[in-house]
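All chains are named by letter (A, B, ...) in the order of the sequence lines, taking the proteins before the strands, and each is independently numbered beginning at 1. Any value given below was found using the heavy atoms of this structure, including those in side chains, with hydrogens, waters and symmetry copies removed.
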Number of protein chains: 2
Amino acid sequence: MTQIITEIRSIVENPKLVHKRRRQITETATKLFATKGFHSTTIRDIADTAKVSIGLIYQYVEDKDDLLFLALAEAINSYSREIPKALDGITDPLERFRACFTAYCIVMNKNHSAAVLGYRESKSLSPERLKIIKMGELETNKILEETIADCVKAGVFKDLDVNLFNYTCICLAHSWPLSAWRLSPQRSIEEYIDGLLDILLPSALASPANEAGQQKTTA
Amino acid sequence: MTQIITEIRSIVENPKLVHKRRRQITETATKLFATKGFHSTTIRDIADTAKVSIGLIYQYVEDKDDLLFLALAEAINSYSREIPKALDGITDPLERFRACFTAYCIVMNKNHSAAVLGYRESKSLSPERLKIIKMGELETNKILEETIADCVKAGVFKDLDVNLFNYTCICLAHSWPLSAWRLSPQRSIEEYIDGLLDILLPSALASPANEAGQQKTTA
DNA sequence: TGATTATGAACGAACGATCATTCATAATCC
DNA sequence: GGATTATGAATGATCGTTCGTTCATAATCA
């Protein structure tokens, strides 16, 4: 879908190479930023871990801030690439919502480091870049919001506050990488998703008779 | 309730003075850490903002890390002081849950900076101190969990997964300072709480007939 | 009581370590 | 062989921390 375009100065011209190197560097940076924090991660750390020299990094980005921006932008881009895929071929509104929420949680689980980064280090971005990242986030949120709105239109959901309901779903999906340590006993991501849907759906479904938890109607 | 004891070296001996000065310094530090981040906030910043000298700070704490720990510990201590107050005199289980959840959200709203800090900067703590803070957090979570367990015992709630339900409540309460920017239009904290209870309660209540939203039975 | 001495809180310039960034040089590719 | 890409030692700025000093107040003395 709508991808964040990252216009960042590179000394190296070859686009293939730029793409490859940036990927290599950004992936490492993302992991290190998420585990040690942005400021405690040194360029040396990144260079060593990515098996490149310090100087090489500065051939592909202008400064350390660029790396943070690249990391966050790439995370959001991957969300808006992957989540819609999960909806392919599904037409039943309720199933689309379930699939979308599930995909959202799974993506958060897979891009664990990036999700944590978003919460922890957005503050270190420049105001303009923060705005870009937030807009990308909202763009991603809209994918799920649409499936909710469709459920309302189809009469599957009652006439609820779509924005707030979507917000709770998003927050809970984000919570998995951030707050799962609070849960005891530990749960698998699948158990977690099922449990959340059991909590979320009853308030939304139009007919309270429907038992949300077990239902798995495929279109 | 259970307070986190913070044993931190102080050159100054007078306990009254230590308390007063630490409060003055920690309050400033909390705000700056939350707005600029721990690493981007300099001791100079804190000294200037708190209208004390750099040297004075080092009379009351050993190093910058102490300030972060003090800030987080004080936040958690204030939660476990304030939340139980909201339950005083309420006996009806459902009302106790509502009051506790509301208090939780309100406290997060009031201690906005500290709540943000907890998510953003815990990583900068030493492992031992992180453990202390997390234990304090879980301790606080238990206050709400107990009101949920009581609702189950009283038959007001069905036999749900208490730990998971509590987790969702906590996450959503925490989300207010972190994620409210996603909501449009903006809502007041009271509208937010009411909206969340409408979403959370239907899955929990034993009799689906009860409309959770409006209900305001006082004991 | 007034003069003298002791205390410890407060100050902030100076130090030293860390770390992002640069750049002269080497390696590699076409 | 010339252009492009990679290297990492050297640089300089930033920032936590120290420590010699000041100063107000309290304690002691005569």
For A:Arg23, all residues meeting salt bridge (charged side-chain N to carboxylate O under 4.0 Å, His left out), sequence neighbours excluded
A:Glu27
What parts of residues 49-61 of chain A reach DNA chain C, counting only heavy atoms under 4.0 Å away?
A:Ile54, A:Tyr58
Using the heavy-atom set of chain A and a strict 4.0 Å cut-off, write down the first and last nucleotide of DNA chain D that makes it in, 5' to 3'.
D:dT5 to D:dG8
Could you tell me which residues satisfy side chain to side chain donor-acceptor pair (under 3.5 Å) with B:Arg187, sequence neighbours excluded, listed by chain and number?
A:Asp161
Partner set under side chain to side chain donor-acceptor pair (under 3.5 Å) for B:Ser78, not counting sequence neighbours:
B:Asn111
What pairs with B:Asp48 under side chain to side chain donor-acceptor pair (under 3.5 Å), at least two apart in sequence or on another chain?
none
Tell me, please, which residues at least two apart from B:Arg129 pass salt bridge (charged side-chain N to carboxylate O under 4.0 Å, His left out).
B:Asp66
For A:Ser188, all residues meeting side chain to side chain contact (heavy atoms under 4.5 Å, CB included), sequence neighbours excluded:
A:Glu190, A:Glu191
Salt bridge (charged side-chain N to carboxylate O under 4.0 Å, His left out) filter on A:Lys110, not counting sequence neighbours, yields A:Glu82
Separation of atom CD1 in A:Ile46 from atom P in C:dA20, rounded to whole Å:
8 Å
Among residues 31-43 of chain B, which ones have heavy-atom contacts with DNA chain D below 4.0 Å?
B:Thr41, B:Thr42, B:Ile43
Would you mind reading off the distance between B:Arg21 atom CZ and C:dA9 atom C1', rounded to a whole angstrom?
8 Å
A:Lys153 bridged to A:Asp150 by N-O distance under 4.0 Å:
yes
Partner set under side chain to side chain donor-acceptor pair (under 3.5 Å) for B:Arg120, not counting sequence neighbours:
none
Hey, could you give me each pair passing salt bridge (charged side-chain N to carboxylate O under 4.0 Å, His left out) that has a residue in residues 177-186 of chain A? Not counting sequence neighbours.
A:Arg182-B:Glu137
